[in-house]
There are 2 protein chains.
Amino acid sequence: MVTIYDIAEKTGFSPTTVSKVFNGYADVSQKTRRKILDTAEQLGYLPNAHARSLTTKRSWTIGVLFVEPSGAGILHPYFAGVIEGFKRVATSKGYDLMFISKDIGGKKSGYLEHCKIRGVDGVVVILPDYRDPYYAELLESSIPCVLLDQESVSKSTIYSDNVEGSKRAVEYLYALGHRRIAHIGGGQSFAGEKRMQGYLQAMKELGVPANPEYIIQGSYDYTVESGKHAMEELLRCKQVPTAVFAAGDNLAVGAMMAIREHGLSVPGDISIVGFDDIEMAKFLTPALTTVRQNTYLLGSRAADMLIYSIEEGASSQSDMISVELVVRDSCRPI
Amino acid sequence: MVTIYDIAEKTGFSPTTVSKVFNGYADVSQKTRRKILDTAEQLGYLPNAHARSLTTKRSWTIGVLFVEPSGAGILHPYFAGVIEGFKRVATSKGYDLMFISKDIGGKKSGYLEHCKIRGVDGVVVILPDYRDPYYAELLESSIPCVLLDQESVSKSTIYSDNVEGSKRAVEYLYALGHRRIAHIGGGQSFAGEKRMQGYLQAMKELGVPANPEYIIQGSYDYTVESGKHAMEELLRCKQVPTAVFAAGDNLAVGAMMAIREHGLSVPGDISIVGFDDIEMAKFLTPALTTVRQNTYLLGSRAADMLIYSIEEGASSQSDMISVELVVRDSCRPI
DNA sequence: CTGAAAGCGCTAACAA
DNA sequence: TTGTTAGCGCTTTCAG
């Protein structure tokens, strides 16, 4: 391995000067700079990130904290979209991403511990279960964080405009003539609660009395299975709803399955609106009408916010990304 | 930050002894060990990974090299599945994962450079485009690597039994009575070529003359669009095939779209078999018959192999994972 | 504009 | 069983 000492020796300058060159200090003459850069190139010099981090207390690493209850892990399309957006901007600003788990060194520990040991500069957290004690520990720490789909006073947060999205969905259904509009909820997650709130609010504003029978909680892991079960329950109502707004596309897919198995059709008998606009949505039959979350933007904004607070030591901010109703074929006027 | 010096001072032992305790050395008395461990706990001591890596030349970090031509990035279901499997075993063995890009410090460089600067212990590479010059550089290096869907003499490799998978698909179609079996290929990727080979081989073994008109190359990024275009071309044949085997589920989805837009039905007029078994496959209408790749297993085996070669300095190995035909509703007997 | 000296937190011989 | 010494590769005062 070639170090700055090798370069120093070869050029006749001191390690200090060599270091300065690589750190862009102005107080090095052009000639010196050139000579050092040239020999560095020639020797194949590459800096050692660990050594650098040790002295500077800066790792240029961002931890990615992601725990997903259903075990789908990184497969979840929401997560994947967010991370992709995050990664692009983080990379362009010089940061690398590292996965943070509860384990480190093969042993149980906790997120905060893991972050500290690895010396990450900040953390992006996507974690639906806000009751995780290890998560609380992280929130109380002084490590810069940005939280997705979460509320917090101490840390930066970012999320989609879930309330507005739900309202759009319900209003759309209403405009189509639907009145018996059911909701399959996203459970006790932040997003699930907001979407529920939007549904309730829209119903109220439209003057449609909310029928408690029409509100079924799906599980907070937004699985297809859970959507199916919820729909089966809805199908048992004496007056079956004519439309259902599901808090997630997976829930909607499950609902569609249940409806079909029940011998009914979408949108013939029941109209469906989902939430997310996962890739699959447009390939379903019928193509799913849904509220699109801009996961890529969510991710890139999250990166901007986190890096800002890392570099400027800025206090927490919070941002909301607007959503969009994507009309396809799963609803019909009645 | 509390260091081993703080613990040494407080307990009256030397930093060396403290270090030994944390590294599980046997030559420390039980009493000493206890005392050190207790004060460590009490002081809230956490090791510093950078300092440790600096001396040991071991980072317990594995680089994840993933470049995806279509720009879907981490969203690609194949990638996500593999990484998920990889991550589980790597984490359990004490390694953390870090994304490796061509850039580092916000500047262009190359994978090898990036890996060296970060001091990763090994790299898992998922990279369809094997002509990337930076990739070649990495292959020639001495960094332990495991390559997915790639062939190599110098590095470990792992892939699905693509040839066998294709054969199963074609044989299935043949058994259903199909003779005009077309293939939408996966382009110039390793997997694409193997799947093509399996198709050709099966046709030959079954005594069905391969019709060159029935072989269309999709693009190597396996996009839905590309599948659609390929199918449109197939639809222009004077004798339209009765079945098509697509080298990827996305290609199959595109093919189904084209068929439908053409006023034909799947499987009524044309039967379709895909490859991958992405999550969406079972929710399509008709549910897609496809060759399932065990991405999770692919990932976990890859991790095993890589870690083995990191820790034992073992030379490269290579493994193949078997695939399975999942019969659903997109084919019919004729 | 350049360099000497000290130190980041940890581990690895080697002695004791 | 424990401790001394040196050093991993880099940056940072501070002095020249």
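In what follows, every heavy atom counts, from backbone to side chain, and hydrogens, waters and symmetry copies are set aside. None of these values were measured; they are calculated from a predicted model.
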(request) Applying side-chain hydrogen bond (donor to acceptor under 3.5 Å, both in side chains), run through A:Tyr135 and A:Glu140 and close with a yes or a no. (result) CA-CA 9 Å; A:Tyr135 171 56; A:Glu140 286 157 16; over 6 Å; no
(request) Assess whether side-chain hydrogen bond (donor to acceptor under 3.5 Å, both in side chains) is satisfied between A:Gln293 and A:Ser160, documenting all intermediate values. (result) CA-CA 7 Å; A:Gln293 287 201 79; A:Ser160 286; 2.6 Å; yes
(request) Could you give me the CA-CA distance, side-chain angles and deciding distance for A:Ser59 and A:Arg52, then say whether side-chain hydrogen bond (donor to acceptor under 3.5 Å, both in side chains) is met? (result) CA-CA 8 Å; A:Ser59 66; A:Arg52 206 194 301 248; over 6 Å; no
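The residue A:Thr32 sits close only to the backbone: its heavy atoms come under 4.0 Å of sugar-phosphate atoms, none of a base. Residue A:Gly12 is classed as a sugar-phosphate contact, given heavy-atom separations below 4.0 Å to backbone atoms only.
Listed by residue number, there are no residues of residues 36-44 of chain A with a heavy-atom contact under 4.0 Å to DNA chain D.
Because its NZ or CZ atom is not both nearer than 6.0 Å to the ring centre of A:Tyr134 and within 45° of the ring axis, A:Lys102 does not count as a cation-pi partner of that residue.
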(request) Sugar-phosphate means primed atoms, P, OP1 and OP2; the rest is base. With that split, encode nucleotides 6-16 of chain D 5' to 3' as B, S or - using protein heavy atoms under 4.0 Å. (result) -BBBBBB----
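For A:Glu9 and C:dT2, the CD to P distance is 19 Å, given to the nearest whole Å. As a whole-Å value, the separation of A:Lys31 NZ from C:dC1 C1' is 13 Å.
A:Thr39 and A:Lys10 get closest at one heavy-atom pair: CG2-CG, 4.0 Å. When every heavy atom of A:Trp60 is checked against every heavy atom of A:Asp121, the shortest pair comes out as N-OD2, 2.6 Å.
Phosphate proximity of C:dG3 to A:Thr17: present, with a side-chain N or O under 4.0 Å from OP1 or OP2.
Under a 3.5 Å cut-off, the side chain of B:Asn48 and the backbone N or O of B:His50 do form a donor-acceptor pair.
Side-chain contact of A:Asp319 with A:Tyr159: a donor-acceptor pair under 3.5 Å is absent, judged by distance alone.
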